[in-house]
There are 2 protein chains.
Amino acid sequence: MNANEPLPGAEAPAIAKLMERGELFAAECPSRAVLQHVTSRWGVLVLVALLAGTHRFSDLRRKIGGVSEKMLAQTLQWLEGDGFVLRTQYPVVPPHVEYSLTPMGVEVARQVEGLADWIEGNLGRILSGRRERADALAVAPLPGVRAGVRTPA
Amino acid sequence: MNANEPLPGAEAPAIAKLMERGELFAAECPSRAVLQHVTSRWGVLVLVALLAGTHRFSDLRRKIGGVSEKMLAQTLQWLEGDGFVLRTQYPVVPPHVEYSLTPMGVEVARQVEGLADWIEGNLGRILSGRRERADALAVAPLPGVRAGVRTPA
DNA sequence: CAGGATCCTAAACGATACTG
DNA sequence: CAGTATCGTTTAGGATCCTG
């Protein structure tokens, strides 16, 4: 990665010590901001939605249940600022604006989609697992099995 | 109205697949809660950290720069509740607790890792692209097709 | 239609202190 | 050591009104 030159003031004292994976574990790592945008509540959904093609503002708003105008606009601005989303505005009235993924945006969106798909595809396992653990707790509230003492496998 | 026009480079996705993930777009979809835990500010880092092996509470706290005790504890509880993290407590004094990924946790963690790695690996492109766009705006504030008069976050 | 501006609430977050 | 409890601060997020 040839990306470790910018950010004035970003010292690298103990940073190098943080394993090969690196910088993400450092508090001041610039990757974290990007990660926040991409993994934000609406960022994930916007990226996945745009993977299906260009959308207008209202289209996105209708498609992504529960998002407010403000948060959708803000999320789109974050993603545009990171270079993941392209905003194309046509000088007509009433205003016509289209949002699409940049080539780079397609790449992140695919990663995000992988995560989203995994969760949706495994929701059954997750929910049933949660239920089983709850039952085990109700039946045996003793400090024996569940969250209680357990010897390593 | 080309809202669903396929993206260049993105093959027309299988219709069935769109239906599969349809739930995420619904406001009340239970997947969203899980997604929130996994993509939360510290959830991402915890999962990636645990992918490297079992950690004690303090180990995680030291490794993940900037996390507070409170948020680390809460994040671990979320992930444990979802069945991604296994908490093993040894009945000794002083207390000894170990956190590790469950088999299911390893699967999500890999997805999350893919995203995290992509961002770290492409941070250079992201930052330089951001700078180029800022320069272009300063030099040529033309209100062409590509507009964007705004202050960056 | 696409947002910006404004105001507000709920939640996230962090620092500190305390306990088994 | 591994938390919980509490408190104060910050931010996310939402509702509403307004304009080009």
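Naming: A, B, ... by sequence-line order, numbering from 1 per chain.
- dG3(D) atom P lies 10 Å from atom CG of L60(B), rounded to whole Å.
- In this structure, S58(B) and S40(A) both approach DNA chain D, and ranking their closest nucleotides by distance from the 5' end singles out S58(B).
- Contact annotation: R56(B) side-chain N/O to dA2(D) OP1/OP2 distance is under 4.0 Å.
- Listed pair R41(A) / dA12(D) fails the phosphate criterion, with no side-chain N or O lying under 4.0 Å from OP1 or OP2.
- Smallest separation of non-hydrogen atoms from A52(B) and K63(B): CB-NZ, 4.0 Å.
- Note: CG (L72(B)) to C1' (dT16(C)) measures 17 Å, nearest angstrom.
- Nucleic acid contact for Q77(B): sugar-phosphate only, since backbone atoms but no base atoms lie under 4.0 Å from a heavy atom of the residue.
- The nearest whole Å value for the distance from the CD atom in E98(B) to the P atom in dG3(D) is 12 Å.
- In this structure, the nucleotide among dG14(C), dT4(D), dG13(D) sitting nearest to the side chain of W42(B) is dG14(C).
- Taking atom NE2 on H37(B) and atom P on dC13(C), their separation rounds to 11 Å, with Å as the unit.
- Among the nucleotides dA2(D), dC1(D), dC13(C), the one closest to any side-chain atom of P94(B) is dC1(D).
- Here the side chain of R87(A) is nearest to one of dG14(D), dC1(D), dA2(C), namely dA2(C).
- Between the NE2 atom of H96(A) and the C1' atom of dG3(C) there is a distance of 15 Å, rounded to whole Å.
- Position along DNA chain C of the nearest nucleotide to P95(B) versus K70(B) favours K70(B) as the more 5'-ward residue.
- Closest contact between the side chain of E69(B) and the listed nucleotides dT4(D), dA2(C), dG14(D) involves dT4(D).
- Ring pair F57(A)/Y99(A) is tilted by interplanar angle, where 30° to 60° counts as tilted.
- Residue pairs meeting the side chain to side chain donor-acceptor pair (under 3.5 Å) criterion with at least one partner in residues 25-35 of chain B, sequence neighbours excluded, are absent.
- Side-chain contact between V85(A) and T102(A): absent, with no pair of heavy atoms (C-beta onward) separated by less than 4.5 Å.
- What separates CE of M71(B) from P of dA15(C) is a distance of 12 Å, to the nearest Å.
- Between R62(A) and dA2(C) there is no side-chain polar atom (N or O) within less than 4.0 angstrom of OP1 or OP2.
- In this structure, I64(B) places its CD1 atom 13 Å from P of dC13(C), rounding to the nearest Å.
- The shortest non-hydrogen separation linking L24(B) to A116(A) is CD1-CB, 3.6 Å.
- Each of Q36(A) and Y99(A) lies near DNA chain C, and the nucleotide nearest Y99(A) is the one positioned closer to the 5' end.
- Straight-line distance from the CD atom of Q74(B) to the P atom of dA15(C): 15 Å, rounded to whole Å.
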